[in-house]
Amino acid sequence: MKAVRYYGPGDFRMEEIETPKPKQGQIQVKVAWNGICGTDLHAYLTELPMFPSAASPNAITGETLPVTLGHEFSGTVSAIGDGINPLIWPVGQKVVIEPIISCNMVDTCKACASGTKILCPLVSCIGIGGWGGGLGEYIAVNTENVYKPPDNIPLEVGACIEPLAVAWHAVKRSNFKKSQTALILGAGPIGIFIMKALRAVDNTSKIIISEPSQFRRKLVEKHGATLAIDPYACDVSSIVKKEMGIGADFVFDAAGTQATMDCAIQSVCPRGMIVMVSSWEKKPQVDMNAIVTKEVQFIGTCCYDGIHSEVLEAVETGKITGIEEMITMKIGLEDIVKKGIKGLLEDRDKHVKILIHP
């Protein structure tokens, strides 16, 4: 089968590899759509510790580079392994994948024993640490990582459930309530999906989004932002305080730069909360005195943990809508770098989420 393989920064290769066969307790999935994630973009630009290297294997999968990329994907069941009930997992069944994998050593790992595998010290991800990925035509995957989307959720939207789960988890961890206010820094897919998750809680609360791209600012205003502002053209914290009083109750940083870190601290209200959702390439400087004197709560959120069912229900019931409009282009595997990676890196004014059909 064809698959996009990761050899290191700047080195994505489409290759012919063996089609995986489902083992005991697994199903084989014919991948329909895979979304390009910010992690994929970072991996193209620089080395990331979450990936194995050519010499050091991933602690869970045992794989070294190259690995098949892709962790935001949907598809259909194409075959089943031993021990799988065909009535539960019939061939042709639509599926979405929760790609988080952990050590599952419940006798020694408190995180896995408690069901919070995202906090496992060895946590990894299908399409990053190994075990195949959504940028291959097929994947064999354990059924514990598989969810059945409702009939009214197409497979294109199914490929967006994984990043939507990241946003849903961040909002859930924040404990955001009706009538509270929020500032979102960055209107990439995660930032936009955070806005949609907030709107699922309260459709009328004030939500400001800071985003340099005019295209994305217009998009978020269409989809529920109270106000979208250009951080290069104005003082974000001043506007936030003008619109929200002494600051935002919550600031969600979905960009992960020194500028957004500074803006978050300046814009959050006393005893408000900063929620760090982004990954960082460099360690930022943090004004701890401002955090102390304002008594700011500062939390981090990483991916999600067993909430795909909640997210699928939110989309099914209409609490979250308009996901299709975030999909700005669909391409084939052969265009992963030229139209996919470079399109997102170089042309933010045209794209939000690009899907790939293996």
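Just so you know, residue 1 is the first one in the sequence shown, and it goes up from there.
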Given 3.5 Å as the limit, does a donor-acceptor pair link the side chain of [X] with the main chain of [Y], or not?
X	Y	result
D249	T181	yes
S114	A111	yes
S56	P52	no
D40	L69	no
S102	C112	no
K94	G75	no
E47	P9	no
E325	G322	no

Check E221 with R216, please: is the shortest side-chain N to carboxylate O separation under 4.0 Å?
no
Cationic N near anionic O, under 4.0 Å, R217 to E211
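Salt bridge absent between R217 and E211.
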Going by the angle between their ring planes, with limits at 30° and 60°, are F12 and Y44 parallel, tilted or perpendicular?
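Perpendicular.
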To the nearest 0.5 Å, what is the distance between [atom1] on [X] and [atom2] on [Y]?
X	Y	atom1	atom2	result
I161	L312	CD1	CG	4.5 Å
E310	K319	CD	NZ	9.0 Å
M1	E18	CE	CD	9.0 Å
L344	L41	CG	CG	5.5 Å
H357	L155	NE2	CG	10.5 Å
L227	K242	CG	NZ	9.5 Å

Find out whether [X] and [Y] are in side-chain contact, i.e. whether some heavy atom of one side chain is under 4.5 Å from a heavy atom of the other.
X	Y	value
K342	V337	yes
V146	W89	yes
E72	K353	yes
L164	V315	yes
N152	E316	yes
I97	E162	no
V275	D253	no
M329	L355	no

Within 6.0 angstrom of [X] [atom1], more than 12 heavy atoms from elsewhere:
X	atom1	value
K30	NZ	yes
K2	NZ	no
D151	CG	no
K339	NZ	no
Q214	CD	no
M50	CE	yes

Can a donor-acceptor pair be found between the side chains of [X] and [Y] at a distance below 3.5 Å?
X	Y	value
R348	S213	no
S237	D235	yes
N142	Q26	yes
Q266	D262	no

Can you list, pair by pair, the side-chain donor-acceptor contacts under 3.5 Å of residues 184-203, counting residues two or more places apart and other chains?
{"unit_1": "K196", "atom_1": "NZ", "unit_2": "H223", "atom_2": "ND1", "d": "3.1"}
{"unit_1": "K196", "atom_1": "NZ", "unit_2": "T321", "atom_2": "O", "d": "2.7"}
{"unit_1": "R199", "atom_1": "NE", "unit_2": "G224", "atom_2": "O", "d": "2.8"}
{"unit_1": "R199", "atom_1": "NH1", "unit_2": "D202", "atom_2": "O", "d": "3.1"}
{"unit_1": "R199", "atom_1": "NH1", "unit_2": "S205", "atom_2": "O", "d": "2.8"}
{"unit_1": "R199", "atom_1": "NH1", "unit_2": "S205", "atom_2": "OG", "d": "3.4"}
{"unit_1": "R199", "atom_1": "NH2", "unit_2": "S205", "atom_2": "O", "d": "2.9"}
{"unit_1": "R199", "atom_1": "NH2", "unit_2": "G224", "atom_2": "O", "d": "2.7"}
{"unit_1": "R199", "atom_1": "NH2", "unit_2": "T226", "atom_2": "OG1", "d": "3.4"}
{"unit_1": "D202", "atom_1": "OD1", "unit_2": "T204", "atom_2": "N", "d": "2.9"}
{"unit_1": "D202", "atom_1": "OD1", "unit_2": "T204", "atom_2": "OG1", "d": "2.9"}
{"unit_1": "D202", "atom_1": "OD1", "unit_2": "S205", "atom_2": "N", "d": "3.4"}
{"unit_1": "D202", "atom_1": "OD2", "unit_2": "S179", "atom_2": "N", "d": "2.6"}

Minimum heavy-atom separation for L48 and A43, please, with both atom names.
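Closest approach of L48 to A43: CD1-N, 3.6 Å.
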Is there a chain of hydrophobic side chains (I, L, V, M, F, W, Y, each step under 4.5 Å between heavy atoms) that links [X] to [Y]?
X	Y	result
V268	I207	no
I17	L135	no
W131	V77	yes
Y6	L345	yes
I100	I139	no

Test log, rule side chain to side chain donor-acceptor pair (under 3.5 Å), inputs T68 and R5
CA-CA 4 Å; T68 300; R5 307 276 280 170; 2.9 Å; yes
Tell me, which pairs form a ring-ring contact (aromatic ring centres under 6.0 Å, His included) where one or both residues lie in residues 140-182, sequence neighbours left out?
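Qualifying pairs, neighbours excluded: Y147-H308, F176-F250.
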Residues in side chain to side chain contact (heavy atoms under 4.5 Å, CB included) contact with V236, at least two apart in sequence or another chain
L183, S210, I229, P231, V240, C263, S267
Before you tell me yes or no, could you show the steps for M14 and I336 under side-chain contact (heavy atoms from CB on, under 4.5 Å), namely the whole-Å CA-CA distance, both residues' side-chain angles and the distance that decides it to 0.1 Å?
CA-CA 9 Å; M14 188 174 74; I336 174 68; 5.9 Å; no
Within 45° cone of Y7 ring axis and under 6.0 Å: R13 NZ or CZ:
yes
Mind running side chain to side chain donor-acceptor pair (under 3.5 Å) on T116 and D305 for me, showing each step along the way?
CA-CA 6 Å; T116 54; D305 213 349; 4.7 Å; no
